[in-house]
Amino acid sequence: MSSRHRFDRAHTDDLMSFLAASPSPYHAVANAAARLEVAGFRQVEETAAWDASPGGKYVLRGGAIIAWYVPEGAAAHTPFRIVGAHTDSPNLRVKPLPDTGAHGWRQIAVEIYGGTLLNTWLDRDLGLAGRISLRDGTDRLVNIDRALLRVPQLAVHLDRSANTDGLKLDRQRHMQPIWGLGEVAEGDLIRFVAEEAGVAPEDVTGWDLMPHAIEPPSYLGRDRELVAGPRMDNLLSVHAATAALAAVAGQPDDELPCIPVLAAFDHEENGSQSDTGADGPLLGTVLERSVFARGGTYEDRARAFAGTVCLSSDTGHAVHPNYAERHDPTHHPVANGGPILKVNVNMRYATDGSGRAVFAAACEKAGVPWQTFVSNNSMPCGTTIGPITAARHGIRTVDIGVAILSMHSARELCGADDPYLLANALTAFLTD
């Protein structure tokens with residue numbers, strides 16, 4: 001390995017394992033929970049009464065996880081330090097009536113989830129993952145991690161303008177994967193999935209399933225200084241935040257002036273408006289219940305929220321060498337340059353000057369370099385859970401992340417050092 005690599009790659013190796021094992025939001029939160037369990041956290045049920053005991057706790061709901069660590073002796077008005085992220089990625093999702101096909105091909109009917117780059121799903125070997133809901137009210141995770149599906153591209157002989165006028169894909173007609181030959185049979189896919197999951201097909205009453213590219217994450221480049229892989233937006237942040245929270249929970253309680261929190265939501269890619277999204281009540285409910293479980297009042301809750309800070313961690317854009325004109329001319333985040341501070345004066349990102357100071361202090365404490373991202377004025381700016389968190393809960397929020405290329409592709413690209421640098425910055429933030 002080249003001497004240009006400054007850091008131990010154990011964190012990035014672990015990130016690649018996490019990405020490969022998390023083909024759906026439901027797998028991502030289960031894997032995050034398993035890592036927190038090793039660090040001493042325990043799951044609490046939303047339907048149960050919560051107690052005032054210290055230590056690490058977490059709530060799972062669908063594709064979302066909220067985890068927090070209460071130090072010994074924490075007061076009811078102790079503020080929170082939150083790292084926010086999201087578990088979903090743009091992809092294809094199986095429709096309620098999935099069995100379709102034509103001309104001797106069996107296909108799967110899918111919807112387009114979020115702002116995915118459609119062409120990146122063409123001619124890839126795809127598996128199928130997600131969850132199935134059973135008649136007894138339980139859910140079962142499913143991961144068929146082998147070449148099962150494919151969205152075949154039209155041959156250039158039949159589309160001579162594809163390389164000159166650009167590929168044009170119709171979201172309804174051109175994105176339905178094939179998965180075999182023969183006549184279409186209603187219920188065929190779910191029968192197959194049930195058998196793969198080891199349950200009776202008649203017991204499956206609901207499903208949330210999605211194709212995923214089965215090619216594993218890998219290092220890339222002459223010196224392996226880059227990482228290519230799926231769902232970095234935004235499982236890279238979920239993984240870093242989970243590692244940071246687990247590390248913080250292992251420190252002496254008297255070194256924790258705040259209550260560190262991981263908040264990883266679902267449905268960011270389509271607006272966050274769900275019971276597991278950042279625009280829902282989940283985070284506020286969990287934080288309030290934590291205050292009240294420790295004997296707090298509404299006044300304690302208000303004091304805690306007033307002193308709380310959230311880092312909304314999501315991927316951002318590295319400057320693209322082939323399209324540099326699409327970026328701001330004076331802000332060019334680069335791979336392996338450290339995490340980015342994301343700024344937009346129209347509050348598409350929640351960062352302001354005081355938030356910049358919080359982030360700068362965390363990076364300085366961790367000895368981590370950092371960069372700034374601002375959109376080109378002539379280009380529309382994306383957004384994150386940051387402004388939603390700030391507005392919904394009245395919590396000071398700062399938008400940050402890691403600079404990547406190929407955002408919203410089925411396979412994205414980042415610097416191999418940046419995930420480690422982000423995790424260190426988040427650890428420093430949670431203990432500040």
Side-chain angles (χ1 to χ4, degrees), residues 1-16 81 83-85 219-229 232-245 247-248 309-321 324 327-344 349-375 384 386 397-407 412-432:
M1 188 171 292
S2 168
S3 61
R4 292 163 62 183
H5 297 313
R6 297 171 292 167
F7 306 109
D8 181 3
R9 288 294 167 80
H11 178 90
T12 306
D13 291 342
D14 191 60
L15 167 63
M16 291 195 289
R81 282 264 166 155
V83 178
Y219 287 106
L220 184 144
R222 186 194 70 179
D223 298 315
R224 291 161 46 93
E225 68 266 46
L226 301 170
V227 172
M232 290 184 181
D233 179 11
N234 185 32
L235 295 189
L236 189 158
S237 294
V238 174
H239 174 264
T242 303
L245 183 60
V248 166
V309 185
C310 173
L311 288 189
S312 165
S313 182
D314 203 346
T315 54
H317 302 292
V319 62
H320 196 302
H327 300 265
D328 183 85
T330 58
H331 296 77
H332 282 176
V334 297
N336 288 336
I340 56 173
L341 180 73
K342 301 161 76 171
V343 179
N344 179 264
Y349 303 129
T351 306
D352 61 11
S354 65
R356 174 190 172 100
V358 169
F359 180 62
C363 290
E364 182 177 354
K365 179 179 178 180
V368 167
W370 59 280
Q371 311 174 81
T372 304
F373 172 82
V374 179
S375 288
T384 68
T397 304
V398 189
D399 272 297
I400 67 161
V402 162
I404 70 171
L405 292 182
S406 305
M407 186 183 293
E412 297 162 322
L413 185 72
C414 77
D417 290 332
D418 284 330
Y420 175 79
L421 294 172
L422 174 65
N424 282 358
L426 297 182
T427 302
F429 165 74
L430 290 176
T431 56
D432 219 355

* Nearest atoms (heavy-atom pairs only) where Cys414 meets Val402 ->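 Closest approach of Cys414 to Val402, heavy atoms only: CB-CG1, 4.4 Å.
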* Asked: Do you know which two heavy atoms are closest between Leu226 and Ala335, and how far apart they sit?
  ->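 Distance-wise, the nearest heavy atoms are CD2-CB, 4.1 Å.
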* Given the rule in the side chain to side chain contact (heavy atoms under 4.5 Å, CB included) test, do Met232 and Val227 qualify, once you have shown the distances and angles that lead to the verdict? -> CA-CA 10 Å; Met232 290 184 181; Val227 172; 3.5 Å; yes
Nearest 0.5 angstrom please: [X] [atom1] to [Y] [atom2], how far?
X	Y	atom1	atom2	result
Thr351	Asn344	OG1	CG	9.5 Å
Thr397	Asp352	OG1	CG	9.5 Å
Asp418	Thr315	CG	OG1	12.0 Å

* Parallel under 30°, tilted from 30 to 60°, perpendicular over 60°: which one fits the rings of Phe373 and His317? ->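 Rings of Phe373 and His317: tilted, as their planes differ by 30° to 60°.
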Would you check if the side chain of [X] reaches a backbone N or O of [Y] as a donor-acceptor pair within less than 3.5 Å?
X	Y	answer
Glu412	Ile404	no
His320	Leu405	no
Lys342	Ala350	no
Asn336	Ala416	yes
Asp223	Glu225	no
Ser237	Ser313	yes
Arg81	Phe429	yes

Could you tell me if the side chain of [Y] sits less than 4.5 Å from the side chain of [X], heavy atoms only?
X	Y	result
Ile400	Leu422	yes
His11	Asn424	no
Gln371	His331	no
Thr330	Val374	no
Leu245	Val83	no

* To do: Verify side chain to side chain contact (heavy atoms under 4.5 Å, CB included) between Leu235 and Val238, making sure each step is shown before the conclusion.
  => CA-CA 5 Å; Leu235 295 189; Val238 174; 4.2 Å; yes
* Does one side chain, of Ser312 or Asp399, offer a donor that lies under 3.5 Å from an acceptor on the other? ->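 Checked: Ser312/Asp399 side chains pair up, N/O donor to acceptor below 3.5 Å.
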* **Distance-only donor-acceptor check, side chains Tyr219 and Asp13, under 3.5 Å** =>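 Present: a donor and an acceptor within the cut-off.
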* Test Val343 against Thr372 for side chain to side chain contact (heavy atoms under 4.5 Å, CB included), laying out the working first. => CA-CA 7 Å; Val343 179; Thr372 304; 4.2 Å; yes
